[in-house]
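Remarks on the structure that follows.
Quick note on labels: first sequence line is chain A, next is B, and so on, each numbered from 1.
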Number of protein chains: 2
Amino acid sequence: MKTIEQLLESKNIRVTAMRLLIYKFLAEKQVAVTLSDIENAFEKADRTTLYRTVKTFEEKAIVHQIDDGTGITKYALCEKGCNCEIETDLHLHFHCNNCNVTICLTEHKIPQIKVPDGFISEDINLVIKGVCDKCSGL
Amino acid sequence: MKTIEQLLESKNIRVTAMRLLIYKFLAEKQVAVTLSDIENAFEKADRTTLYRTVKTFEEKAIVHQIDDGTGITKYALCEKGCNCEIETDLHLHFHCNNCNVTICLTEHKIPQIKVPDGFISEDINLVIKGVCDKCSGL
DNA sequence: TTATAAATGCACTTCCGTTGCATTGTATTT
DNA sequence: AAATACAATGCAACGGAAGTGCATTTATAA
Ligand SMILES: [Mn+2]
Ligand SMILES: [Mn+2]
Ligand SMILES: [Zn+2]
Ligand SMILES: [Zn+2]
């Protein structure tokens, strides 16, 4: 089991207090978070620092960005072993219309989609909207 | 073959010069357009009017909104016979990373996606990014 | 024609993402 | 340990796009 420090070092980015805190925050959350979510969790930190920290994490494939259609960018930790640098991790994302939460369905990979002749598929974004397990009561 | 006037009347919205122009503009385009695209095409018209016209078209299921992940909302005419009011028309959208164009693949419906127990799927957004037929040269 | 409601135009606001630049902090070299 | 080099942080400001309030114009109906 790698420590967070070791993870950051392995990605060649400096270990700083802020980065450790933000990583831990993301790790605790089971859901995708917005920049504002992080901002609210660390009121003392500057928005820009949080923004750039997340961007750095993204570049280094520590987190991935999620566009769930709400218009607000969300972020979630990558799975261990995911290789976002090379190709997108093609799991589904689910957005709950009731509690407004967005989660990674990492177990559910996006099926192969056939595109018309002449088109080349490089990346796929699939977001399902509906009611989540917590809200459906099923 | 319905005229545009008849279409608008059938949806219970007034036929105005602006609406006819915007409809024709959308009909000519084979690709999804942004509000800015429309703005540039009709420099004399006010942005708000264009914005509200498109919103009206959307409510009446004349156009549908497309979130292609670029962060800028795009719009395209609905197919005749689509029933966006009741349920989303589940066709794919393709975004070309080269020419930056987004198009409706109306013939390509989104396959059935299995969601985990307890989750209820109400709507699906599927965007494929890559190289379009015009750009691929295939 | 007049009354009623919808469409349009202008101004303004809000929100998110993003950048420039000065300052602080960390690591490396001498 | 001190000096150097570079990365991280904080503050301020910007830009684009979406959205709203309100006055004015235009279309429909009485
Ligand atoms: Mn995810
Ligand atoms: Mn479409
Ligand atoms: Zn929910
Ligand atoms: Zn193209």
Side-chain angles (χ1 to χ4, degrees), chain A residues 4-26 32-60 62-76 95 100 102, chain B residues 4-26 32-60 62-76 95 100 102:
Chain A
I4 307 173
E5 284 86 346
Q6 287 169 334
L7 172 69
L8 296 181
E9 278 162 9
S10 75
K11 302 276 185 177
N12 289 312
I13 59 173
R14 289 191 184 164
V15 178
T16 69
M18 209 60 245
R19 286 176 178 167
L20 290 172
L21 285 170
I22 293 175
Y23 187 97
K24 280 175 196 157
F25 176 73
L26 290 166
V33 301
T34 66
L35 197 61
S36 298
D37 291 335
I38 305 176
E39 217 180 325
N40 294 334
F42 303 99
E43 298 196 359
K44 286 196 287 188
D46 185 76
R47 246 178 83 70
T48 314
T49 304
L50 304 175
Y51 171 74
R52 284 199 263 237
T53 300
V54 172
K55 281 285 158 200
T56 302
F57 282 3
E58 199 188 342
E59 281 162 22
K60 300 292 181 175
I62 294 169
V63 306
H64 61 282
Q65 195 174 329
I66 302 160
D67 174 12
D68 62 7
T70 58
I72 301 163
T73 308
K74 296 192 176 145
Y75 304 91
H95 177 76
N100 206 37
T102 297
Chain B
I4 307 174
E5 285 87 347
Q6 286 169 335
L7 172 69
L8 297 181
E9 278 161 8
S10 75
K11 301 277 186 176
N12 289 311
I13 59 173
R14 289 189 184 167
V15 178
T16 69
M18 210 59 246
R19 285 175 181 169
L20 290 172
L21 285 170
I22 293 176
Y23 187 96
K24 280 174 196 159
F25 177 74
L26 291 166
V33 302
T34 66
L35 199 59
S36 298
D37 291 335
I38 305 177
E39 216 180 324
N40 295 333
F42 303 99
E43 298 195 0
K44 287 196 289 188
D46 184 76
R47 245 194 56 253
T48 314
T49 304
L50 304 174
Y51 171 75
R52 285 199 264 237
T53 299
V54 172
K55 282 286 159 200
T56 302
F57 282 2
E58 200 189 342
E59 281 162 22
K60 300 291 181 174
I62 294 169
V63 307
H64 61 282
Q65 194 174 327
I66 302 160
D67 174 13
D68 63 7
T70 58
I72 301 163
T73 308
K74 295 190 176 144
Y75 303 92
H95 178 76
N100 205 37
T102 297

For this session: Spell out, as yes or no, whether a donor-acceptor pair under 3.5 Å connects the side chain of Lys74(B) to the backbone of Ala32(B).
Result: no
For this session: Would you mind classifying the nucleic acid contact of Thr53(B) as base, sugar-phosphate or nothing, using non-hydrogen atoms under 4.0 angstrom?
Result: sugar-phosphate
Problem set entry | For Tyr51(A), ring pair (Phe, Tyr, Trp, His ring centres under 6.0 Å) partners two or more places apart | none
For this session: Round to the nearest Å and state the distance from Ile22(B) atom CD1 to dA7(C) atom P.
Result: 12 Å
For this session: Answer whether the closest heavy-atom distance between the side chains of Val54(B) and Leu26(B) falls below 4.5 Å.
Result: no
Exercise. Nearest-Å distance, CG (Leu20(B)) to P (dT8(C))?
Worked result: 10 Å
Exercise. For Asp37(A) and dG17(C), what is the distance between atoms CG and P respectively, to the nearest whole Å?
Worked result: 11 Å
Exercise. Atom CD of Glu43(A) and atom P of dG10(D): how far apart are they, to the nearest Å?
Worked result: 14 Å
Problem set entry | Sugar-phosphate only, base, or nothing, as touched by Thr56(A) at under 4.0 Å among non-hydrogen atoms | nothing
For this session: Take atom CD1 of Ile72(A) and atom P of dT18(C), then tell me their distance rounded to the nearest Å.
Result: 14 Å
Problem set entry | Side-chain heavy atoms of Lys60(B) within contact of Leu8(B), under 4.5 Å | no
Exercise. Whole-Å distance between dC6(D) P and Asn12(A) CG?
Worked result: 17 Å
For this session: Using a 4.0 Å cut-off on protein heavy atoms (strictly under), produce a 5'-to-3' string for nucleotides 19-30 of chain D with B for base contact, S for backbone-only sugar-phosphate contact, and - for none.
Result: BBBB--------
Exercise. Of the nucleotides dA17(D), dC16(C), dA18(D), which one has an atom closest to the side chain of Leu35(B)?
Worked result: dA18(D)
Problem set entry | Pairwise distance CD1(Ile4(A)) to CD1(Ile22(A)) - rounded to 0.5 angstrom | 11.5 Å
For this session: Please state how far atom CG in Asp46(B) lies from atom P in dA18(D), giving the value in whole angstrom units.
Result: 14 Å
Exercise. With sugar-phosphate meaning primed atoms plus P, OP1 and OP2, does Ile13(B) contact a base, only sugar-phosphate, or nothing at under 4.0 Å between heavy atoms?
Worked result: nothing
Problem set entry | Which residues share a side-chain contact (heavy atoms from CB on, under 4.5 Å) with Gln65(B), sequence neighbours left out | Lys55(B), Glu58(B), Thr73(B), Tyr75(B)
Seminar exercise, completed: When rounded to whole Å, the CG to P distance for the pair Leu8(A) and dA27(C) reads 12 Å
Exercise. Reckon Thr73(A) has a side-chain N or O less than 4.0 Å from the OP1 or OP2 of dC16(C)?
Worked result: no
For this session: Give me the one residue out of Asp67(A), Asp68(A), Thr34(A) that meets side-chain hydrogen bond (donor to acceptor under 3.5 Å, both in side chains) with Thr102(A).
Result: Asp68(A)
Seminar exercise, completed: Among dA18(D), dA7(C), dG10(D), the one nearest any side-chain atom of Arg19(B) is dA7(C)
